[in-house]
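Contents: one structure, followed by commentary.
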Amino acid sequence: MNHSSIFRSLAISFLCAIVIVSASGVPAVKQANASSAAAGEVTRILPVGRIGGSAKAVVLQGEYAYVGFGYEFTVLNIGDPAHPVRVGYVALPGVIEQIAIQGQYAYVAARDAGLRIVNISMPSHPIESGFFDTSQIVSTVAVLGSYGYIGGWVEASWPPEWSLRIIDISTPSTLTEVSHLDNIAIKDLAISENYLYIASNCAGLWIVDVTNPREPSTIYRDTSACTISYPSPPFALGIVLVDSYAYLAEQVLYSKWAVWSLRVFDISNPASPVEINSVDIDFGSGSGDQIAMVTQGHFVYLAAPLVSFPGVSYGKINIYDLTQPEAPVQVGSYHQITNPIGLDISGNIAFVAAGGDGLQILDASSPTSLTSVGHQATLANITSLAIVDHYAYVSDLNGGRLNVVDIQSPASPIITNTILTGGLRAIPSNGYLYLISNYDWQSELDILDISNPATPVRIGSCAIPGMPNGLALYKNYVFITDSGGLHVADTSNPVTPTIVGAYTSTETPTAIEVSGDYAYIGYESSGDGNSYIHPSLRVFDITNPISPTLVEVIDMPGNPMYNPNWVSAPYDIAIQGENLLTANTIGGFRIYNISIPEEPVLVSYSDSLYMPIRIEIKENYFYMLSEHYHTNEDLYVFDISNPAIPVKVDKYNPIANVIDIAIAGETIYAVTSSGGISPDVYSEGELFIFRMFSMHATYFPVFFR
């Protein structure tokens, strides 16, 4: 799937309105018209900044490091290597897999967005200058002179259709393909003079003569065939060149382990390379599908993210001495890294793109003993978001971390602090941040002192009986919904929060919000284990917080076996004034009037939006994040000045797998998680920042999709 750029051109258009009334008399919103908004004020959202994504590629040049954080091409000033400074970035439409630099341009393998060219002549303002979309997944790139060489495959086919494509890059704004070679599975590329050396996934070393790039010719290849068996044929994953030698990293897969080797070829005659040695690579029994290799002086560094049976992930960097180039000798290793994907070295400093762990910076002055000297954090497996003053608190449950992001300049957010605590949901209040988390199979309520927003301090915590999913505050109490029911914690002393009350039932709560002396909670009950039979919205009197009292149950259309209009239980609840909104992951959103708090009345609903998961309200508008499998229209804005007729006035598509949303002033903050939700939707953990504005008009700008 091809992603277009996040910043799209604006155009003028209408939105047409069709309001359908259900048999029950409750309006069912199908489409909406801007002109039907009573006040005539139309809220628009425009992207102004973003940050985050797994670190996968890094290249060093002079005082700058060029790093791929997810979709973001980032420029870091590394004049002080231990304290890199983010000086510029540009968002690309594809996940950055590899970067090559030549002159004032960076050439980026951007996964399903093809080859992208970034002008880096001004490091503080990198600009995308051109692109070539191959309609393939592009994972490798090398450049020499006026030509770029990219390797990729067609993801939809099986077995994958691999190819080498040669691109004329002499005019960066107008790239043209001049030739290609099919059926060549490329995992890594190296180029020297007129020859391209390829680590081919199932064919070992492959050498292509590119003396005439318009007529490339294969002059050497291994004869191994790719088969699915144990042990497998050797899979070549990385290659580097040193003088007249090529070093090829390979693995052979067995049923529960892998064996790695570093093969040495004499390539003084490229048409007839001679393998002169093969040494074992000590990666334990771990297997992986990628490796990063780089040379520095007479050393070669190999970094790989690994997994061993039964699924334990770890990473390792091995260093080999090439003083005798035909006989590499391992002289050092580094284990304190979990996901080394990209690697480059400048002087005595090694920069490692370590996936969700960001950019790790190592002192390599002694190759036999690498030591950590710095770190550039990133956002990866995001689970929650909260905003206080000029700071965003972004939880990364993958590493049990809370990242503090300085958002004073929305166009250039900066991660300024990271502490060891994570959160599934987070709420700030009166100088404290309350988080519910589940990390390493332990569920907790954590309380952080954020009187100094830049440096939160974890001051108290208590265990939660079940798996938490919802959080709300009432006076000095925290209400938590979890797999064990509703639990109430007394936080009057934030250093020693204590569970003091509970409400349990056979049903499972899914979301909670508090307004006045009432708590509104979504519930679900499973009948046959596969379908929700009784989704509902329940109202509790919490005047006595220790003993919540159920006062009302609002049933929702349940059993899909008998009701084609069924909905799931609320995944999120938002309240403002007399309006209560629920986000039902199946069944869209529903709006209730709670002028009589204990008697919510359904006034309208929409069943046309797939998997809404987060709702926030600001004045007469609500903002909704929606997950889905095959499209990316994720952030919606509805005018609810007339709650009986909600009007969709805008939508924007960040990236797939949206997780949470927060609003502060005129700014919207939305976060996505890593991993994607289907094979054709690839996402990264990122923080997106949008600005809102209103136009008093019937006509207003709309993003054409």
Side-chain angles (χ1 to χ4, degrees), residues 47-55 67 69-72 74 86 89 91 354-359 375-429 432-439 444 446-450 452-458 468 471 572 613-614 616 623 625 627 634-635 654-665 667-675 683-690:
V48 295
R50 67 194 290 179
I51 189 171
S54 296
V67 189
F69 288 110
Y71 296 81
E72 180 185 297
T74 300
R86 184 174 182 253
Y89 80 96
D357 288 334
L359 186 69
H375 176 222
Q376 179 73 22
T378 188
L379 308 177
N381 191 21
I382 297 173
T383 53
S384 69
L385 170 69
I387 305 295
V388 177
D389 296 334
H390 298 302
Y391 295 91
Y393 300 98
V394 183
S395 292
D396 177 355
L397 204 61
N398 188 47
R401 298 174 305 206
L402 180 71
N403 297 288
V404 182
V405 184
D406 186 333
I407 52 176
Q408 187 161 355
S409 173
S412 300
I414 300 172
I415 300 174
T416 59
N417 197 359
T418 299
I419 64 173
L420 293 178
T421 184
L424 294 167
R425 297 299 295 268
I427 297 179
S429 178
Y432 296 100
L433 185 67
Y434 301 85
L435 301 98
I436 50 173
S437 64
N438 181 268
Y439 182 62
E444 285 187 350
D446 289 336
I447 302 178
L448 281 68
D449 184 336
I450 55 172
N452 182 349
T455 56
V457 178
R458 186 170 178 263
L471 177 68
D572 196 19
I613 63 168
R614 286 286 185 266
E616 288 286 337
Y623 304 83
L625 291 176
E627 271 189 3
D634 294 321
L635 177 57
I655 308 295
N657 210 16
V658 291
I659 292 296
D660 206 353
I661 184 174
I663 299 174
T667 306
I668 304 173
Y669 302 87
V671 286
T672 67
S673 186
S674 62
S683 70
E684 288 287 325
E686 294 187 274
L687 167 66
F688 290 85
I689 303 176
F690 300 85

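A quick note: this is a predicted structure, and the numbers were derived from the prediction, not measured.
Between the side chain of T672 and the main chain of E686, a donor-acceptor pair closer than 3.5 Å is present. Of the possible polar contacts, one joining the T378 side chain to the G53 backbone as a donor-acceptor pair under 3.5 Å is found.
For the pair P453/Y393, a side-chain contact is recorded, criterion being any heavy-atom separation below 4.5 Å from C-beta on. Within the 4.5 Å cutoff, no side-chain heavy atoms of T667 are placed close to those of I387. In this structure, the side chains of P456 and N417 come closer than 4.5 Å at one or more pairs of heavy atoms. F69 has its side chain within reach of L359: a pair of non-hydrogen atoms, C-beta onward, lies under 4.5 Å apart. Looking only at side-chain heavy atoms (C-beta outward), Y391 and D406 come within less than 4.5 Å of each other. Taking 4.5 Å as the limit, every side-chain heavy atom of D572 sits out of range of all side-chain heavy atoms of L625. No side-chain heavy atom of N403 sits under 4.5 Å from any side-chain heavy atom of L687. Contact annotation: the side chain of D446 never approaches that of L402 to less than 4.5 Å [non-hydrogen atoms, C-beta and beyond].
For G423 against L435, the heavy-atom pair with the smallest separation is CA-CD2, 3.9 Å. Minimum heavy-atom separation, P468 to L424: O-CD1, 3.4 Å. For R614 against R425, the heavy-atom pair with the smallest separation is NH2-CD, 3.2 Å. Here the shortest heavy-atom pairing between I415 and A377 reads CD1-O, 3.4 Å. Closest non-hydrogen pair, D660 versus S384, comes out as OD2-CA, 3.5 Å. Residues D396 and G356 come closest through the heavy atom pair OD2-O, 4.3 Å.
Going from atom CD1 of I661 over to atom OH of Y669 covers 12.0 Å, rounded to the nearest 0.5 Å. To the nearest 0.5 Å, atoms CD (E72) and CZ (R86) are separated by 4.0 Å. I436 CD1 to L471 CG: the interatomic distance, rounded to the nearest 0.5 Å, is 5.0 Å. Interatomic distance, CD1 of I51 versus OG1 of T74, reported as 7.5 Å (0.5 Å rounding).
Ring pair Y432/Y434 is tilted by interplanar angle, where 30° to 60° counts as tilted.
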V671 vs L379, side chain to side chain contact (heavy atoms under 4.5 Å, CB included): CA-CA, chis, key distance, verdict: CA-CA 10 Å; V671 286; L379 308 177; 5.8 Å; no
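For the pairing with R401, the side-chain hydrogen bond (donor to acceptor under 3.5 Å, both in side chains) check across T421, T418, D357, N381 returns one residue only, D357.
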